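Keep in mind that this is a model prediction, so the values were computed, not measured.
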Amino acid sequence: VSSKKRYSRSTGWLSTLSFGFFLILFGVIWIVTPNFSTAVIDFAENFHLEHLTEHIVLPAPKESHPVVYTAAMQFCLVFGAFQIVILVLRFIFHDSVNRKSGTISNIVFWFSTSFFLNMLVNKSIGWFGFLAGLIISIGLAIIASSAVKLFK
């Protein structure tokens with residue numbers, strides 16, 4: 001029991017490192033994407049309520065925003081790749097199975113979300129298709145985490 005606590009405490013910096021990278025990457029994407037502030041404002045102001053059925057109404061953008069979608073896709077790809085680095089470090093430092101499974105879950109989520117964002121950018125799916133893809137990404141992440149814990 002004490003060895004699990006020792007590993008958990010000694011590798012807590014990996015989560016902090018991951019969060020720091022998240023913030024830096026967010027800032028870098030914001031800075032390097034031309035006119036990104038304007039694109040984000042246009043995206044936020046472009047939402048309206050769309051009737052899916054007579055009784056189901058959800059918010060959706062009126063038009064496509066490829067600059068925002070592409071920046072989000074790039075963010076997801078880079079952050080997913082960084083999670084692979086975090087996973088390698090978790091193995092090097094003999095981190096707990098729970099933390100390894102959480103990192104694998106993160107990898108699956110970020111890469112699958114980037115896949116659906118790519119489809120949105122390429123207009124293979126629409127906004128609601130992307131939302132369905134986001135739900136699928138969450139489900140895949142849960143399954144990946146559970147599978148790792150199952151086979152520990």
Donor-acceptor contact present, side-chain Ser112 to main-chain Val108, <3.5 Å: yes

All side chain to side chain donor-acceptor pair (under 3.5 Å) counterparts of Ser146, not counting sequence neighbours: none

Which atom of Thr113 lies closest to which atom of Cys76, heavy atoms considered: CG2-SG, 3.8 Å

Side-chain donor or acceptor of His48 paired with backbone N/O of Pro59 under 3.5 Å: no

Nearest atoms (heavy-atom pairs only) where Asn46 meets Lys62: OD1-N, 2.7 Å

List the atom pairs, with distances to 0.1 Å, where a side-chain N or O of residues 115-132 and a protein N or O form a donor-acceptor pair under 3.5 Å, not counting sequence neighbours.
{"unit_1": "Asn118", "atom_1": "OD1", "unit_2": "Asn122", "atom_2": "ND2", "d": "3.2"}
{"unit_1": "Asn122", "atom_1": "ND2", "unit_2": "Asn118", "atom_2": "O", "d": "3.2"}

CZ on Phe21 to CD on Gln83, rounded to 0.5 Å: 9.0 Å

Side-chain donor-acceptor contact under 3.5 Å, Asp42 with His65: no

Shortest non-hydrogen contact from Ser114 toward Leu77: OG-CD2, 3.3 Å

Phe47 atom CZ, neighbour heavy-atom count above 12 within 6.0 Å: yes

Ser64 and Tyr69, any side-chain heavy atoms less than 4.5 Å apart: yes

Cationic tip of Lys100 above Phe91 ring, under 6.0 Å, 45° of axis: yes

Heavy-atom side-chain proximity of Lys149 to Asn98 below 4.5 angstrom: yes

Gap between atom OG of Ser101 and atom CD1 of Ile142 - 0.5 Å precision: 12.0 Å

Qualifying side-chain hydrogen bond (donor to acceptor under 3.5 Å, both in side chains) pairs, either residue in residues 23-35, two or more places apart: Trp30-Ser37

Partner set under ring pair (Phe, Tyr, Trp, His ring centres under 6.0 Å) for Phe75, not counting sequence neighbours: Phe22, Phe79, Trp110

Shared-cluster residues of Leu49, by chain and number - hydrophobic side chains joined below 4.5 Å: Val57

Non-hydrogen atoms of Ala39 and Val67 that approach each other most closely: CB-CG1, 3.8 Å

Exercise: do Thr11 and Arg99 side chains pair donor with acceptor under 3.5 Å: yes

Pairwise ring-ring contact (aromatic ring centres under 6.0 Å, His included) hits with a residue in residues 133-152, at least two apart: none

